[in-house]
Amino acid sequence: MKERGEKIAVLTAYDYTMARLLDRAGIDVILVGDSVGMVVLGFDNTLPVTLDMMIHHTRAVSRGAKRALIVADMPFLTFQLNMEEAMRNAGRLIQEGGAAAVKIEGGGRQIGDTAKRLVDIGIPVMGHLGLTPQSVHQLGGFRPQGRDSETAERLLKEADLLEKAGVFAIVLESIPADLAARVTASLKVPTIGIGAGPQCDGQVLVINDMLGFSDGPVPPFAKQYAQLSEQIVSAARAYIEEVRGRAASPEGRSQ
Ligand code: KIV
């Protein structure tokens, strides 16, 4: 798609029904992100998400999506400890979860070696640079990255290293648009941006953010295409009123 100049549309999903709907809409890639920990499970960050949780949600998504490419996030501590564990855990997301590829965060030498090894055993890998939520404590919060020349140059090197390791795409999260454009121009593999400007080869959003389906703050870059929270609250209120007031049966017909 990058070679043809076609933009790549990516959304997250965490369950069967949403995966079916996004597939029907024609989404290119469904990312079963470890953001599931925050937007579905109510954690403050993605660190408590386990491999078993990811397998559970990835299985549901893969039952629903028959056409889109399914990428599953490798959660914190499932790919950093040693190569054998990284291979086994990535393999479980493919074998048990039904994903076609995995995503790993970070870009140092060790992550590059891990990506290469996974690719060597036949597991397609997506990289993730910039704001990498699994490093939230090291980064001092969910802050934009790559704003000074030193971190920008490091990110360019990391993207090059990941491409050489064999990743098929790289997510660029919360970095300046001009840096994302430089990274995109420097790579053969596509970049998928989130809060990284319009010049990436594709865009990804967390489904709950773009549908207005959350009860908390939404990142400033996340455009909302619907306001489902409001609709859900009003639908629930209408139901409660009907049940309490006996104005109409909750089954939708008068009794
Ligand atoms: O976990 C996730 O949803 C992600 C996207 C924000 C890229 O990694």
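All of these numbers come straight from a predicted model, not from anything done at the bench. In listed order, ligands and their atoms are each counted from 1. Computed over heavy atoms, backbone and side chain alike; hydrogens, waters and symmetry mates excluded.
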Legend entry - Which segment of T12 sits under 4.0 Å of ligand 1 when only heavy atoms are counted: side chain
Legend entry - Side-chain donor/acceptor of E163 to backbone N/O of V189, under 3.5 Å: yes
Legend entry - Where ligand 1 meets D34 - atom numbers and elements under 4.0 angstrom, heavy-atom basis: 1 (O)
Legend entry - Closest protein heavy atom (residue, atom, distance) for atom 8 (O) of ligand 1: K103 NZ, 2.9 Å
Legend entry - side-chain contact (heavy atoms from CB on, under 4.5 Å) partners for P176, two or more places apart: R147, D178, L179
Inset, instruction - Mind checking whether L31 contacts ligand 1 via backbone (N, CA, C, O), side chain (CB onward), both or neither, at a 4.0 Å heavy-atom cut-off? - result: side chain
Inset, instruction - Using a 4.0 Å heavy-atom threshold (strictly under), name the region of E105 that reaches ligand 1: side chain, backbone, both or neither. - result: neither
Legend entry - Presence of salt bridge, E241 and R237, under 4.0 angstrom: no
Legend entry - N-O pairing of R117 and D113 below 4.0 Å: no
Legend entry - I194, portion touching ligand 1 at heavy-atom distance under 4.0 Å: side chain
Inset, instruction - State plainly whether the residues R154 and D148 are in salt-bridge range, i.e. N to O under 4.0 Å. - result: no
Inset, instruction - Please write down residue, atom name and distance for the protein heavy atom closest to atom 2 (C) of ligand 1. - result: S35 OG, 3.3 Å
Inset, instruction - Pick one of side chain, backbone, both or neither for how D73 approaches ligand 1, counting any non-hydrogen atom pair under 4.0 Å. - result: side chain
Legend entry - Single-linkage hydrophobic cluster L139~M38, side-chain heavy atoms < 4.5 angstrom: yes
Inset, instruction - State the atoms of ligand 1, each with its element, that fall below the 4.0 Å cut-off from a heavy-atom position in G33. - result: 1 (O), 2 (C), 3 (O)
